[in-house]
**Student:** 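What follows is a structure written as structure tokens; I'll ask about it next.
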Amino acid sequence: MFSLPKNATIIEVGPRDGLQNEGKLVKTKDKLQFIDALQQAGIHEMELTSFVSPKWVPQMADAKEIVAGTKKMGRQFVLTPNKLGIDTALESDAQSLAVFVGVSDTFNKKNINKTTQESMDALKPLVLELKKQGIFVRACISTAFYCPFEGAIAPEATIALCREFVDWGVDELSVADTIGMANPKESYDLFNQLVQEFPEILIAAHFHDTRRMALANIVSALQAGVTRFDASAGGLGGCPFAPGATGNVATEDVVNMLHRMNVQTGIDLDLLCVAIKTIEPHVTNPVTTGMYTLYKNRS
Ligand SMILES: CC(C)(COP(=O)([O-])OP(=O)([O-])OC[C@H]1O[C@@H](n2cnc3c(N)ncnc32)[C@H](O)[C@@H]1OP(=O)([O-])[O-])[C@@H](O)C(=O)NCCC(=O)NCCSC(=O)C[C@@](C)(O)CC(=O)[O-]
């Protein structure tokens, strides 16, 4: 039977994933206006920014100002790759942290300059300490399906990495199709296994829309029991270290699809489009996602 939940949660990643790959530096005040408009649209969980090396990702150099300038509302994540990032994030009063690791060694090395095992060895004491302090920790698992350098990833390898994080006590796994290559069957199979194996933990699905399969993959993940979805307003985004990765699935298209299936998100679609309108002039490419295009044609 085609069964659906009554509610689903969107974790908006536009201010972080959406902007990290943008070539033109966006002013802090324009990012803050975008975040504020997203909050007004009813978004209560968001990745705000990342405390990474500004040499690696110049767009995220204003992470402290972003955290300081954002109204505390709901759950707000910042990404942190290492001890320096975690310490700076906590000094900046960030409330919920996300750590990130690729299943694929080659990708991880290009993204964080460590092999997957080196990353896990470095993260373990840091995550255990965060959990001792009662801080909400999200673990982002990149290249969970495919790697731009190594090709197909064995589901067992992704599950094994997730299991380590679960053993450390993280609160959430965000499992990513980094280059938008997974298909709906692969989405169902992996998320079904994850939901069965880790029933006690929050699981989010993070799809990029490179091959336009992200919405179908979300429907598959819903069928597998996932109710949390990362998405980026305007479909902005991509990892600068994953060649071929285009934007994340567009929040407005996910919200529209969910609402039309009677799955509520608490997000106002028109106000979401207003938020996209605030950031569109500051990014290089026009936003051409389905629901935003309809909104613009209407207004
Ligand atoms: C991890 C490092 C820092 C290692 O980079 P490294 O060069 O090996 O680091 P290092 O420890 O040798 O330090 C080099 C310099 O960076 C500084 N540094 C060191 N750490 C920090 C920090 N936290 N914040 C600020 N500065 C930092 C450090 O102080 C030093 O400064 P210098 O002495 O040269 O002036 C680097 O590789 C990095 O920043 N990588 C981040 C890459 C990134 O942001 N990728 C995108 C996010 S992941 C993603 O998008 C995927 C996801 C989550 O969306 C899911 C999906 O779709 O797959």
Side-chain angles (χ1 to χ4, degrees), residues 9 11-13 15-17 20 44-57 60-70 72-105 107-144 157-176 178 194 197-204 206 228 230 239 241:
T9 302
I11 300 98
E12 171 61 44
V13 300
R16 195 280 302 171
D17 205 344
Q20 70 183 11
H44 295 305
E45 298 206 35
M46 197 176 332
E47 284 185 0
L48 290 183
T49 183
S50 46
F51 286 82
V52 295
S53 165
K55 288 185 187 142
W56 284 61
V57 188
M60 297 287 117
D62 57 358
K64 278 187 193 174
E65 291 79 7
I66 294 295
V67 172
T70 299
K72 299 272 180 293
M73 228 174 116
R75 194 178 281 137
Q76 297 167 347
F77 297 101
V78 298
L79 261 69
T80 53
N82 55 13
K83 180 159 173 24
L84 179 59
I86 290 173
D87 290 347
T88 320
L90 294 178
E91 278 159 26
S92 312
D93 202 24
Q95 314 276 314
S96 304
L97 266 51
V99 294
F100 51 103
V101 175
V103 186
S104 139
D105 259 339
F107 170 75
N108 204 60
K109 192 97 183 120
K110 291 193 190 278
N111 197 35
I112 318 182
N113 207 17
K114 281 185 165 46
T115 64
T116 304
Q117 191 57 53
E118 285 166 352
S119 268
M120 294 303 277
D121 291 345
L123 282 175
K124 184 174 180 181
L126 302 173
V127 170
L128 292 178
E129 181 53 35
L130 288 171
K131 286 317 304 163
K132 224 191 264 175
Q133 293 177 38
I135 290 166
F136 189 104
V137 179
R138 159 178 245 241
C140 301
I141 313 293
S142 289
T143 58
T158 297
I159 292 166
L161 199 64
C162 291
R163 192 177 296 121
E164 276 196 69
F165 278 116
V166 173
D167 288 346
W168 303 350
V170 301
D171 301 275
E172 175 168 43
L173 298 166
S174 165
V175 178
T178 307
L194 290 169
E197 179 149 351
F198 309 118
E200 74 285 9
I201 194 167
L202 295 175
I203 296 178
H206 178 116
R228 293 173 64 80
D230 294 359
C239 176
F241 308 102

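In this chain, residues are counted from 1 in sequence order.
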**Student:** Does a side-chain heavy-atom distance below 4.5 Å link Ile159 with Arg163?
**Tutor:** yes

**Student:** Using a 6.0 Å cut-off, check whether atom NZ of Lys131 has over 12 heavy atoms from anything other than its own residue.
**Tutor:** yes

**Student:** Ignoring hydrogens, what is the shortest heavy-atom contact between Leu123 and Phe165? Give both atom names and the distance.
**Tutor:** CD1-CZ, 4.3 Å

**Student:** Would you check if the side chain of Glu172 reaches a backbone N or O of Val170 as a donor-acceptor pair within less than 3.5 Å?
**Tutor:** no

**Student:** Should Glu129 and Ile86 count as side-chain neighbours, where that means a heavy-atom distance under 4.5 Å?
**Tutor:** no

**Student:** With a 4.0 Å cut-off on N to O distance, would you call Asp171 and Arg75 a salt bridge?
**Tutor:** no

**Student:** Short question: side chain of Ser119, backbone of Val101 - any donor-acceptor pair under 3.5 Å?
**Tutor:** no

**Student:** Please report the interatomic distance CG(Asp230) to CD1(Ile11), rounded to the nearest 0.5 Å.
**Tutor:** 5.0 Å

**Student:** Rounded to the nearest 0.5 Å, what separates atom CE in Met120 from atom OG1 in Thr116?
**Tutor:**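 If we round to the nearest 0.5 Å, Met120:CE and Thr116:OG1 are 8.5 Å apart.
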
**Student:** Thr158 side chain to Ala144 main-chain N or O, any donor-acceptor pair under 3.5 Å?
**Tutor:**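 Looks like yes, one N/O pair under 3.5 Å.
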
**Student:** Please name the pair of heavy atoms, one in Lys83 and one in Leu126, separated by the smallest distance, quoted to 0.1 Å.
**Tutor:** N-CD1, 3.7 Å

**Student:** Once you round to the nearest 0.5 Å, how far does NZ of Lys114 lie from NZ of Lys109?
**Tutor:** 8.5 Å

**Student:** Which pair of non-hydrogen atoms, one from Val137 and one from Leu130, has the smallest distance, and what is that distance?
**Tutor:** CG2-CB, 3.9 Å

**Student:** Is the backbone N or O of Val103 less than 3.5 Å from a side-chain atom of Ser142, with the two atoms forming a donor-acceptor pair by type?
**Tutor:** no

**Student:** If I take atom SG from residue Cys162 and atom CD1 from residue Ile201, how far apart are they, to the nearest 0.5 angstrom?
**Tutor:** 8.5 Å

**Student:** Kindly say whether Arg228 contributes a backbone atom to a donor-acceptor pair with the side chain of Thr9 at under 3.5 angstrom?
**Tutor:** no

